[in-house]
Amino acid sequence: MANAASSINVLVVDDQDCLVELLADIVNGLGFGSEMAHDGLEAIEKFDEGNFQMVITDIKMPRMDGIELMKRIKENRPDVPVIAITGYGSESTEEELLYDGVDGFLEKPFRVAKIEGIVCDVLRKYELLE
Ligand SMILES: [Mg+2]
């Protein structure tokens, strides 16, 4: 069932404050709701308490990294797409991340138009957006 953009809530996770705020702003600018978390543990707590239709997560973070976060989410909620933030300094290749179950990539440095395309494509694939 496709939803209106306003009913989609995205959990944005990155240990860099400025980055997670920028991404949340971009997500809001697309008409979606957003919440922020700064590492995998905080993210899994927020995810369990909230109602999220998508997760966008950095890979390298303290306490719990993005791969572990994604695996925990997919274990219980395979219906929730997870997009990985990649770029300079990424330890995992995109091939490895796809194998782990990632649905898409946002490459740093960010380009707003590209983020919009990738986020909306993945939501449509899951029939969360028309
Ligand atoms: Mg990081």
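These numbers were taken from a predicted model, which means no experiment stands behind them. Just so you know, ligand 1 is whichever comes first in the structure, and atom 1 is the first atom listed for that ligand.
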Need the atom name: nearest N/O/S atom of D15 to the Mg ion (ligand 1). OD1

Tell me whether E68 contacts the main-chain N or O of M64 through its side chain, where contact means a donor paired with an acceptor under 3.5 Å. no

Write the atom name of the N, O or S atom in D58 that is nearest the Mg ion (ligand 1). OD2

Would you say the side-chain atoms of K46 pair up with the backbone N or O of M36, donor to acceptor, closer than 3.5 Å? yes

N/O/S from I59 sitting under 2.8 Å away from the Mg ion (ligand 1): no

I'd like to know whether H38 forms a side-chain hydrogen bond (donor to acceptor under 3.5 Å, both in side chains) with D14, so could you lay out the CA-CA distance, the side-chain angles of the two residues, the decisive distance to 0.1 Å, and finally the verdict. CA-CA 5 Å; H38 300 87; D14 198 301; over 6 Å; no

Going through the checks in order, is the side-chain hydrogen bond (donor to acceptor under 3.5 Å, both in side chains) test met by Q53 and N51? CA-CA 7 Å; Q53 285 69 48; N51 178 25; 3.1 Å; yes

